[in-house]
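This report refers to the structure that appears directly beneath it.
Lettering follows sequence order; numbering is per chain, from 1.
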Number of protein chains: 2
Amino acid sequence: MKTMHKEHPLTKNQQIIFDLIDKSPEPMKAYSILFNVQKKGIKAPLQVYRALDKLVEIGKIHKIESRNAFIACHNSSCQVANATAFSICEVCEKVTEISSVGLSKYLANFKDKDGMKYSKYNLEFFGLCKKCR
Amino acid sequence: MKTMHKEHPLTKNQQIIFDLIDKSPEPMKAYSILFNVQKKGIKAPLQVYRALDKLVEIGKIHKIESRNAFIACHNSSCQVANATAFSICEVCEKVTEISSVGLSKYLANFKDKDGMKYSKYNLEFFGLCKKCR
DNA sequence: TTACATGGTGTTATATTATAACAATTTAAA
DNA sequence: TTTAAATTGTTATAATATAACACCATGTAA
């Protein structure tokens with residue numbers, strides 16, 4: 001067996017916000033999330049950001065740093081929470097999580113000149129998606 | 001001969017801001033830049049952001065997306081403006097630009113399942129630097 | 001030369017993204 | 001069952017970034 005993951009169930013706010021992001025076909029921004037969950041009683045930015053922080057921490061969602069937006073993890077979750085790669089279309093802004101064994105192996109084993117080894121990485125590719133090409 | 005780059009000289013604001021970033025041992029944030037150049041007559045955020053945008057565009061500086069901070073390019077500049085990789089220490093926040101031929105070749109040639117080819121990427125590694133280990 | 005296109009500047013105002021601080025409550029464990 | 005840890009709700013505010021508009025400098029074409 002590889003890694004053990006205690007499956008903490010999500011709290012109410014976390015679940016509401018995860019469900020919303022998970023259903024979304026595109027990355028969602030924090031204040032758009034806030035707007036969408038206000039009817040469910042989540043009224044303040046902090047409530048959103050706290051849930052987002054937690055969801056990122058446990059690997060259920062990822063932050064697309066270049067877009068300040070959040071997307072649900074589609075790589076069988078937690079295992080890759082610390083090793084993320086995305087493709088981003090610069091025209092339509094479609095974002096796709098990349099799952100390539102080759103890529104993740106390569107990056108996980110990458111050592112720089114100082115022999116520094118990394119516990120985590122985030123890679124964002126930019127280009128044109130099929131549709132926009 | 002490989003690629004031709006017309007060397008547009010920097011404008012006054014661009015030069016002031018580039019010099020500041022270039023001298024800085026660590027990535028600088030926009031409002032810290034603003035504070036530091038106010039004595040030179042740059043008074044508004046927009047003046048800073050405009051210069052930053054341009055400097056990023058021409059490859060003189062890079063944005064560290066996960067930190068919202070800017071660092072001067074140390075990879076003989078423009079060639080790699082669209083292919084950036086950094087190592088970030090999660091304790092002391094030291095950021096170093098990675099120049100690895102292997103890595104950049106690997107990423108430049110990476111194709112995902114859809115055969116999508118990318119014009120650009122940004123990679124951020126996280127870990128502990130020598131000092132902090 | 002004139003005109004006109006392009007890119008840069010200066011300015012005010014505002015939008016967007018994110019956190020501080022504090023009190024109350026829930027949950028999980030010891 | 002009391003204690004520690006995490007979560008919540010709330011108000012206020014910090015930090016990051018852009019919109020809109022008027023003006024100016026420079027290069028190019030008529």
Side-chain angles (χ1 to χ4, degrees), chain A residues 4-21 24 26-71 88 90 93 95 122 124, chain B residues 5-21 24 26-71 90 93 95 122 124:
Chain A
M4 265 317 251
H5 283 286
K6 259 228 218 84
E7 274 296 334
H8 282 291
L10 301 181
T11 66
K12 184 165 133 292
N13 286 0
Q14 289 161 11
Q15 190 69 59
I16 290 169
I17 286 170
F18 174 73
D19 288 344
L20 180 66
I21 295 172
S24 171
E26 63 213 19
M28 294 195 73
K29 308 200 136 214
Y31 277 73
S32 153
I33 292 168
L34 175 58
F35 178 80
N36 277 276
V37 296
Q38 271 174 333
K39 52 198 141 198
K40 306 219 171 175
I42 296 176
K43 288 173 190 153
L46 243 198
Q47 296 175 285
V48 172
Y49 280 104
R50 285 198 284 226
L52 290 173
D53 286 350
K54 191 65 182 183
L55 291 167
V56 166
E57 184 192 324
I58 64 181
K60 300 283 288 181
I61 66 173
H62 304 304
K63 181 173 187 181
I64 311 299
E65 293 286 356
S66 67
R67 299 299 187 259
N68 298 316
F70 300 85
I71 193 177
I88 303 172
E90 289 188 294
E93 290 291 323
V95 173
N122 179 59
E124 299 180 7
Chain B
H5 284 286
K6 256 226 220 89
E7 276 294 335
H8 282 292
L10 301 181
T11 65
K12 184 166 133 291
N13 287 0
Q14 290 161 10
Q15 189 70 58
I16 289 169
I17 286 171
F18 174 73
D19 288 344
L20 180 66
I21 296 172
S24 170
E26 65 214 16
M28 294 194 75
K29 308 200 136 213
Y31 277 72
S32 153
I33 292 168
L34 176 58
F35 178 81
N36 277 276
V37 296
Q38 271 174 333
K39 51 197 142 200
K40 306 218 172 175
I42 296 176
K43 287 175 190 152
L46 204 40
Q47 295 175 286
V48 172
Y49 281 104
R50 285 197 284 225
L52 289 174
D53 286 350
K54 191 65 185 184
L55 290 168
V56 165
E57 184 191 326
I58 63 180
K60 300 283 288 182
I61 65 174
H62 304 303
K63 181 172 187 181
I64 311 300
E65 293 286 356
S66 66
R67 299 299 187 261
N68 297 316
F70 300 84
I71 193 177
E90 290 189 293
E93 291 290 324
V95 173
N122 179 58
E124 298 180 8

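- Rounded to an integer number of Å, the gap from Phe35(A) CZ to dA15(C) C1' is 16 Å.
- For the atom pair CG of Leu52(A) and NZ of Lys54(A), the computed distance is 13.0 Å after rounding to the nearest 0.5 Å.
- Rounded to the nearest 0.5 Å, atoms NZ (Lys63(B)) and CD (Glu65(A)) are 10.0 Å apart.
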Quiz prompt | Nucleotide-resolved protein contact map, nucleotides 7-19 of chain D, B/S/- at heavy-atom distance under 4.0 Å | solution = SBBBB----BBBB

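- The minimum heavy-atom distance between Glu124(A) and Ile64(A), with the atom names listed, is OE2-C, 3.6 Å.
- Computed from C1' positions of five pairs at each end, the angle between the two local axes of the helix from dT1(C)-dA30(D) to dA30(C)-dT1(D) equals 40°, rounded to 10 degrees.
- Residues passing the side-chain contact (heavy atoms from CB on, under 4.5 Å) test with Leu46(B), sequence neighbours excluded: Arg50(B).
- A pairwise comparison of heavy atoms in Ile61(B) and Phe18(B) identifies CG2-CD1, 3.8 Å as the closest pair.
- From Tyr49(A), atom OH reaches atom CD1 of Ile17(A) across 11.0 Å, with rounding to the nearest 0.5 Å.
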Self-check item: Stepwise side chain to side chain contact (heavy atoms under 4.5 Å, CB included) check, Ile33(A) with Ile42(A)
Solution: CA-CA 10 Å; Ile33(A) 292 168; Ile42(A) 296 176; over 6 Å; no

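- Put simply, CE on Met28(A) is 15 Å from C1' on dT17(C), counting in whole angstrom units.
- Put simply, NZ on Lys40(B) and CG on Asn13(B) are 11.5 Å apart, with the number rounded to the nearest 0.5 Å.
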